[in-house]
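Okay, so here's the structure we're looking at.
In what follows, chains are A, B, ... by sequence order, proteins preceding strands, each numbered from 1.
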Number of protein chains: 2
Amino acid sequence: MKANLEDIAKAAGVSKMTVSRVLRGGTGFSDDTRDRVRKVAESLGYVPNKLAAAFGADQASTLVGMCVPRLTSGLFGQVLDGVDRALSRLGYQLIIGANNHSTEEEEAWVRQIVSWRPAGLILSGRTHQPGTVDLLRQAGMPVVEIWDLTTSPIDMSVGFSHVDCGAEMGQHLLRRGRRRAGYVGALARADVMGQARLDGFRAALAEAGHPLVASELLLDMPGFYAGLYGLETLLSRTRDLDVVYFHNDEMAIGGLAYAQARGIRVPEDLGIAGWGGMEAASILPRRLTTTVVPTTAIGKAAAEALVARLKGEPGQDVTVVPTRLVPGETG
Amino acid sequence: MKANLEDIAKAAGVSKMTVSRVLRGGTGFSDDTRDRVRKVAESLGYVPNKLAAAFGADQASTLVGMCVPRLTSGLFGQVLDGVDRALSRLGYQLIIGANNHSTEEEEAWVRQIVSWRPAGLILSGRTHQPGTVDLLRQAGMPVVEIWDLTTSPIDMSVGFSHVDCGAEMGQHLLRRGRRRAGYVGALARADVMGQARLDGFRAALAEAGHPLVASELLLDMPGFYAGLYGLETLLSRTRDLDVVYFHNDEMAIGGLAYAQARGIRVPEDLGIAGWGGMEAASILPRRLTTTVVPTTAIGKAAAEALVARLKGEPGQDVTVVPTRLVPGETG
DNA sequence: CCTGCCTACGTTACCGGTAAACCTGACAGA
DNA sequence: TCTGTCAGGTTTACCGGTAACGTAGGCAGG
C-alpha cells in the first residue's frame with residue numbers, strides 16, 4: 001500500500017489536511033480543489049487507512065465485535081446475518097468470535113477485541129465472568145447482550161426469556177393432554193440458555209402436578225444424531241413417556257427419525273416438541289411443534305440499538321423480541 | 001480506557017519502552033523490573049491498544065478478513081468455524097462479511113476491509129471484479145480463495161472443483177440407470193458455483209448421450225421450501241423424469257418432502273440427489289444421495305495457508321480438498 | 001589499566017491520520 | 001480607508017504504540 005494523504009497532497013499541490021477534508025466529504029475547499037484531489041487520489045490508487053484514522057481520532061473506530069456460542073449454529077447464523085446487514089449498511093465492520101458456551105473463552109475473546117477499541121460489542125447470553133463485566137464497564141463502550149433477556153444488562157439487552165419458552169411449551173403440552181413428559185438436551189450443562197428452557201419446562205409441569213418424568217442431557221453438540229441417540233437412551237431408561245421436549249429442532253427431528261424407525265407413532269404414541277423454528281421443521285411429513293425465534297429481527301435490533309447508542313440517540317436498554325409457539329402435528 | 005504505557009511507566013519508575021518490552025514478553029530487563037511492571041499494569045487495569053500497535057509497527061495487524069456468500073448457509077457456517085478455530089488459536093481476529101453472491105458487494109467489502117490493513121484475506125469463489133483483483137495485488141497481502149478451486153489464484157486457493165462435483169454426480173446417476181435427469185437450482189445465475197455444478201452435471205449427461213431433460217432455476221434462496229416448490233414446478237412442466245439433482249441438500253430434502261406428499265416413490269419412481277452433505281441428509285428415512293464437502297477442513301486449511309504465508313513459510317499455492325460422493329438410498 | 005562486550009535500560013523519531021488553531025486574500029460595509 | 005467576515009486553505013500537535021539507536025555501569029580478558 002503506497003499512497004497516503006501526503007503523497008496525494010504533494011501531487012495535487014495542497015496540504016494533506018485539505019486532502020483529508022476532501023476525501024471525507026467535509027467542507028472548506030473549492031470545487032476545483034475537490035476535483036483535483038479526487039482525481040489524484042484515484043490515479044494513485046489511494047486506500048484510506050482506518051487504522052490511522054481510528055487511532056488518531058481518539059479511537060472512533062467502526063469495528064463492532066460479536067461473540068456467539070457456536071458458529072455452526074443455524075440460528076446464530078441468522079442472527080449474525082441480521083447484525084451484518086444492519087451494520088454494513090451503516091458503515092461498520094464486524095469482528096466475530098465463538099465462545100463454545102464457555103464464559104472463560106468469552107472473556108479471552110473480549111480482552112482481544114477490546115484491545116482493538118471497537119465502537120461496541122454484541123455478546124450472547126446474560127452470563128459472563130465477573131472480570132468480563134468489570135472490563136466492559138471500565139471500557140465504557142456500548143454493549144448489547146442478546147438472545148437471553150436480562151432486566152439488568154451490562155448496558156443493553158435484546159432478546160427473550162428462555163425460561164418462559166420452556167414454561168410455555170410445558171403448558172401447551174399439558175393442554176394437549178400430555179402427562180408424562182421427558183426432555184432430551186445437549187452440551188450437558190454448558191449451555192445455560194438450553195438449561196433455562198429446561199428449568200422453565202420443568203417448573204410449568206411441576207406446578208400443574210405432572211412433574212418431568214425423565215431427562216437425558218448429552219455431552220454432544222446439539223444435532224440430528226444427538227437427538228436420535230438421546231431419545232433412544234431416554235426411552236431405554238423410561239418406557240412410558242407420552243411426550244419429549246428437545247433442546248432444539250435439529251434434535252427433535254433426530255428424535256422423530258428414531259420414532260419413525262422404531263414404529264413409534266407420532267403423536268399418538270409419543271409427542272415430540274422442539275425449539276428454534278428451523279425451516280425444515282415446517283416441511284416434515286408432520287409439522288413439528290416448536291417455538292419460532294425471530295433470529296434475524298434480534299440481530300437487526302441489536303445492531304440498531306448499538307448504533308443508536310453510538311449516535312447518542314436515546315434508546316431503550318431492554319428490547320423484548322417475542323418468540324412464538326407454533327403448535328404442529330407432533331405434539 | 002485510561003491507562004496506557006506511559007501511565008504504567010510513571011507508576012513503575014521506568015520508561016514506556018521498558019514497559020512495552022515487558023508486556024510483550026521481550027528481553028532486556030531484570031526480573032525485578034518485570035515483576036514490578038506487570039504488577040502495576042495489572043493494578044491499573046491496562047488493556048493493550050492493538051490499534052496503536054498495528055499502526056505504529058507499520059501495519060502488522062492481527063486482523064484477518066473473510067467474505068462468504070451468505071452467513072445463513074449451514075455449510076459456510078462450518079467453514080467459518082474451521083477458520084475461526086485455527087485463527088483464534090494463533091492469535092488472529094476474524095472480520096467477516098457477506099457478499100450475497102455479488103462480486104460488486106464483494107468489492108465494496110474488500111475496500112472497507114483493506115483499509116484496516118489486515119494481515120490477510122479469505123474470499124469465497126474464484127470470480128471477482130477486476131478492480132478487486134487489482135486492489136488485492138497492489139496491496140500485496142496474502143489472499144486465500146476458498147470453496148471453488150482455481151489453478152490461477154490471486155495468491156492461494158483451497159477448495160475443490162464444482163464442475164467435477166456435478167460431473168461426478170451425473171456419472172453416478174447414469175451408472176444407476178437413470179436416463180432422464182432434471183435439475184432444480186436457486187438464486188438464478190447469481191451463484192456461479194451452483195451454476196458450475198450444473199454445468200458439470202449437464203456435460204457429463206450429454207457426453208453419455210442422455211442430455212439433461214429439464215431444469216428449473218428459482219430466484220429464491222436455496223432452502224427446503226425452494227426445493228419443494230422447485231420440484232413441483234419442474235414436474236408440472238416435464239412429467240417423465242427419472243431423477244432430479246438439486247442445488248444442495250436442503251433443497252433436495254424439500255424435494256423429497258414434495259415427492260412423499262404426492263405419493264411419488266423415491267427412488268423407484270424418481271431418484272433424488274443433493275449436494276453439500278448436511279447432517280440431516282444422512283438421517284432421513286431414506287439416506288440422501290449427496291456429495292459430502294469437508295467444510296471445516298477447508299476453513300482450517302485456508303487459515304493455515306494464510307498464516308504460513310504470513311510467517312514466510314513456503315506453502316503451496318493450490319490445496320485440493322477432495323469432496324466425496326456418498327451414494328444413498330434416494331438415487 | 002584499557003578495551004571490548006554485555007546487560008539493562010532510556011531517548012528519539014516515526015507511523016498516517018484528525019482536530020484545532022492559525023493564516024491570508026478578497027470583499028463588504030461604515 | 002479601515003475593519004470585520006468569510007472562503008479556502010495551512011500549520012502544528014497529538015493519538016499510543018514500536019523500531020532503532022544511544023548509553024551507563026559492570027565485568028572479563030589481555
Side-chain angles (χ1 to χ4, degrees), chain A residues 1-38 40-41 44-63 91 112 114-119 139 141, chain B residues 1-38 40-41 44-63 91 111-112 114-119 139:
Chain A
M1 210 69 59
K2 32 197 174 203
N4 58 20
L5 290 191
E6 188 81 52
D7 300 330
I8 299 172
K10 275 181 193 150
V14 293
S15 72
K16 70 176 191 172
M17 196 58 225
T18 297
V19 177
S20 171
R21 280 199 274 255
V22 167
L23 296 183
R24 278 184 302 145
T27 56
F29 44 79
S30 64
D31 290 0
D32 179 52
T33 302
R34 168 167 48 70
D35 295 345
R36 193 153 33 93
V37 166
R38 283 194 182 158
V40 171
L44 291 180
Y46 174 69
V47 177
N49 188 335
K50 287 197 200 251
L51 228 41
F55 172 57
D58 211 16
Q59 12 269 27
S61 100
T62 56
L63 292 173
Q112 292 286 320
V114 166
S115 71
W116 283 107
R117 304 291 190 266
M141 66 183 62
Chain B
M1 211 69 60
K2 33 197 171 201
N4 58 20
L5 288 191
E6 189 80 54
D7 300 330
I8 299 172
K10 275 181 192 150
V14 292
S15 72
K16 70 175 192 171
M17 195 60 224
T18 298
V19 177
S20 171
R21 281 195 275 250
V22 168
L23 295 182
R24 278 184 302 144
T27 55
F29 43 81
S30 64
D31 290 359
D32 179 52
T33 301
R34 168 169 48 73
D35 295 343
R36 195 153 30 94
V37 166
R38 282 192 182 158
V40 171
L44 291 180
Y46 174 70
V47 177
N49 188 336
K50 286 196 201 256
L51 227 43
F55 173 59
D58 213 15
Q59 12 269 25
S61 98
T62 56
L63 292 172
R111 285 195 181 279
Q112 292 286 321
V114 166
S115 69
W116 282 108
R117 304 293 189 268

Name all residues meeting the side chain to side chain donor-acceptor pair (under 3.5 Å) criterion together with [X]; count only those two or more places apart in sequence or in a different chain, and write none if there are none.
| X | result |
| --- | --- |
| A/Asp31 | A/Arg34 |
| A/Lys16 | none |
| B/Arg111 | B/Glu107 |
| B/Thr62 | B/Gln93 |

Counting C-beta onward and ignoring hydrogens, is there a side-chain heavy-atom pair between [X] and [Y] closer than 4.5 Å?
| X | Y | value |
| --- | --- | --- |
| B/Trp116 | A/Leu63 | yes |
| A/Tyr46 | A/Leu5 | yes |
| A/Val114 | A/Met141 | yes |

Quiz: residues 19-28 of chain B side-chain donor-acceptor pairs under 3.5 angstrom, not counting sequence neighbours:
residue: B/Ser20; atom: OG; partner: B/Arg24; partner atom: NE; Å: 3.3
residue: B/Ser20; atom: OG; partner: B/Arg24; partner atom: NH2; Å: 3.1

Rounded distance (Å) that lies between atom [atom2] of [N] and atom [atom1] of [X]:
| X | N | atom1 | atom2 | result |
| --- | --- | --- | --- | --- |
| A/Lys50 | C/dT18 | NZ | C1' | 15 Å |
| A/Lys10 | C/dG16 | NZ | C1' | 13 Å |
| A/Phe55 | C/dT18 | CZ | P | 13 Å |

What's A/Thr18 touching, base or sugar-phosphate or nothing? Going by heavy atoms closer than 4.0 Å.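 Base contact.
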
I'd like a list of close polar pairs between nucleotides 17-22 of chain D and the protein, N/O only, cut-off under 3.5 Å.
residue: D/dG17; atom: OP1; partner: B/Tyr46; partner atom: OH; Å: 3.0
residue: D/dG17; atom: OP2; partner: B/Leu5; partner atom: N; Å: 3.1
residue: D/dG17; atom: O5'; partner: B/Tyr46; partner atom: OH; Å: 3.1
residue: D/dG17; atom: N7; partner: B/Lys16; partner atom: NZ; Å: 2.6
residue: D/dT18; atom: OP1; partner: B/Arg24; partner atom: NE; Å: 3.1
residue: D/dT18; atom: OP2; partner: B/Ser20; partner atom: OG; Å: 2.3
residue: D/dT18; atom: OP2; partner: B/Arg24; partner atom: NE; Å: 3.3
residue: D/dA19; atom: OP2; partner: B/Arg24; partner atom: NH1; Å: 3.4

With B/Asp7, which residues qualify under side chain to side chain contact (heavy atoms under 4.5 Å, CB included), at least two apart? B/Ala3, B/Asn4, B/Leu44

End-to-end axis angle, where each axis spans five pairs of the helix from C/dC1-D/dG30 to C/dA30-D/dT1, to 10°: 60°

Please list, in numerical order, the residues of residues 28-38 of chain B that have a heavy atom closer than 4.0 Å to any atom of DNA chain C. B/Gly28, B/Phe29, B/Ser30, B/Thr33

Is a donor on one side and an acceptor on the other found under 3.5 Å between the side chain of B/Ser61 and the backbone of B/Arg117?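 Side chain of B/Ser61 to backbone of B/Arg117, a donor-acceptor pair under 3.5 Å: yes, one is there.
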
